[in-house]
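These notes concern the structure reproduced below.
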Amino acid sequence: MQALIIGGAGFVGSYLAAHCMNNWHWKVAITKMDSESLELPGTDVYNLNLLDPTQIREILNTVHPDYIFHLAAQSSVALSWKKPGLTIDVNIKGSVNLLDAIRELDYKPRTLLIGSGEEYGHIRPGETPINEDNTPRPGNIYAATKTCQNMIAKIYADAYQMDNIMVRAFNHIGPNQAPMFVVADFCKQAAEIEKGLREPVIRVGNLSAMRDFTDVRDVVRAYALLVQKGQAGETYNIGSGHAIAIREILDQICAMTDHDIHVEVDPERLRPVDIPIIEADTRKLHAATGWQPEIPLSQTLKETLDYWRAKL
Ligand SMILES: C[C@H]1O[C@H](OP(=O)(O)OP(=O)(O)OC[C@H]2O[C@@H](n3cnc4c(=O)[nH]c(N)nc43)[C@H](O)[C@@H]2O)[C@@H](O)[C@@H](O)C1=O
């Protein structure tokens, strides 16, 4: 099988590529942006600007993928408040360009489009943990773009008999994640404190939010299973099924260091809207693939902290 990972130079792409090659023995091609650097032995790497439909067609014709994983996105909720136009261009226009190019092929590759648990947004009492049949009520620009991507991929699947599967991935974490996301951010700050690179103060945003965290290695395992066992036109949640308060995450990270760490709220880290709880119901995914998470949160937090200790 030939897999193509669109947007593979980010956090998830390298884990997914390794998983596809090592566990499934698929050939893997990856697209990245011009500005990104990527060295993944065993893969073919292509530069791609998703806003250029000609480039997409060329790569599809060259690679001739059986499976396409569409990971490319502006993936930060925080940044989407500051750069709504960019987020809309990449996440909606880019996805439509990709879907159109796939639609023009003379065969139907299976395409997995990565959306987000954030799509559910303003979740009502009684809807938690939330399943795929609930109405998305996105609470930020990023979530709105992912909801739109989901709807368009479904419309294309139905109208043009395309083999699209949509995912709603909840928060995923692990070593090598960019420190704009909360776990990587807190681990990096803790490691800096240990090395004497900053005062013993961790700066934080909204600690009362509750999110559903899964190790990135479990997430990519779900992607590879879904592309093989999922149903065209369907949406699947991927998460642990258990939301945890960000304050609890912070406490667990602080407990892993010997330092006496103080906590300070940084108003810059607070968002105009932050949904109180987002927790996945993953029964549909489990029924389709048998998947369940295997790596405990404590292990992921420890490995992420160790990653930053070694990196700094
Ligand atoms: C499912 C979803 O998951 C991710 O989006 P996110 O949930 O916004 O991720 P995050 O790690 O930035 O925030 C998680 C929570 O943590 C709170 N929080 C508190 N204090 C800090 C803080 O200091 N930094 C950050 N970044 N967050 C903080 C913050 O307010 C929020 O409630 C992306 O992968 C996205 O692509 C995606 O699809």
Side-chain angles (χ1 to χ4, degrees), residues 7 10-13 15 70-83 87 90-91 95 113-123 129-130 136 138-150 166-174 176-190 192 198 201-216 219-220 222-223 235-241 243-254 261 263-280 282 297 300-301 304:
F11 166 54
V12 182
Y15 284 101
H70 178 33
L71 266 50
Q74 191 302 91
S75 63
S76 162
V77 173
L79 189 65
S80 78
W81 289 107
K82 295 179 178 138
K83 299 204 166 189
T87 308
V90 176
N91 296 5
S95 298
L113 296 107
I114 311 305
S116 171
E118 274 284 342
E119 291 172 44
Y120 294 112
H122 296 284
I123 294 165
I130 194 145
N140 58 65
I141 317 302
Y142 166 80
T145 64
K146 287 294 182 178
T147 306
C148 195
Q149 173 188 270
N150 177 290
M166 288 75 74
V167 157
R168 291 194 179 121
F170 289 60
N171 298 60
H172 33 295
I173 53 174
N176 204 29
Q177 188 173 31
M180 71 172 110
F181 298 105
V182 70
V183 168
D185 187 336
F186 290 175
C187 287
K188 179 169 183 260
Q189 292 190 61
E192 285 170 351
R198 64 187 295 137
V201 177
I202 288 195
R203 298 178 74 76
V204 302
N206 173 21
L207 294 182
S208 67
M210 297 182 75
R211 294 290 181 272
D212 180 326
F213 291 92
T214 308
D215 190 287
V216 63
V219 172
V220 299
Y223 291 172
T235 296
Y236 298 87
N237 286 344
I238 301 179
S240 73
I244 176 171
I246 304 302
R247 183 184 313 280
E248 171 74 12
I249 295 271
L250 177 63
D251 288 348
Q252 288 194 31
I253 294 168
C254 288
I261 294 178
V263 174
E264 207 171 274
V265 174
D266 172 0
E268 276 291 304
R269 290 164 181 257
L270 299 172
R271 302 171 185 181
V273 174
D274 204 30
I275 305 297
I277 174 165
I278 307 182
E279 184 176 62
T282 57
L297 179 64
T300 312
L301 295 180
T304 307

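First listed ligand is number 1; within each ligand, the first listed atom is number 1.
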Show the atoms of ligand 1 that are less than 4.0 angstrom away from any heavy atom in [X].
X: Arg211; value: 7 (O), 32 (O)
X: Asp274; value: 29 (C), 30 (O), 31 (C), 32 (O)
X: Ala169; value: 1 (C)

Shortest protein heavy-atom distance from [atom], along with the residue and atom involved:
atom: atom 17 (C) of ligand 1; result: Asn206 O, 3.8 Å
atom: atom 8 (O) of ligand 1; result: Arg271 NH1, 2.7 Å
atom: atom 35 (C) of ligand 1; result: Ser75 O, 3.2 Å
atom: atom 7 (O) of ligand 1; result: Asn171 ND2, 2.9 Å
atom: atom 1 (C) of ligand 1; result: Ser116 OG, 3.3 Å
atom: atom 26 (N) of ligand 1; result: Met180 O, 2.9 Å
atom: atom 27 (N) of ligand 1; result: Val182 CB, 3.5 Å
atom: atom 22 (C) of ligand 1; result: Arg269 NH1, 3.7 Å

Pick one of side chain, backbone, both or neither for how Phe170 approaches ligand 1, counting any non-hydrogen atom pair under 4.0 Å.
backbone
Which one holds for Ala78 and ligand 1: side chain close, backbone close, both close, or neither close, with close meaning a heavy atom under 4.0 Å?
neither
Please confirm whether the backbone N or O of [Y] pairs with a side-chain atom of [X], one donor and one acceptor, at under 3.5 Å?
X: Ser240; Y: Asp212; value: no
X: Asn150; Y: Met166; value: no
X: Glu279; Y: Ala243; value: yes

Can you tell which of Leu301, Val182, Thr300 makes a side chain to side chain contact (heavy atoms under 4.5 Å, CB included) with Phe213?
Val182
Heavy atom of Ala73, distance to ligand 1 below 4.0 Å:
no
So, Lys146 and Glu119, do they make that salt bridge, N to O below 4.0 Å?
no
Considering only NZ, NE, NH1 and NH2 on the basic side and carboxylate oxygens on the acidic side, decide whether Asp274 and Arg269 come within less than 4.0 Å.
no
Indicate the ring-plane relationship of Tyr223 and His172, choosing parallel, tilted or perpendicular according to the 30° and 60° boundaries.
perpendicular
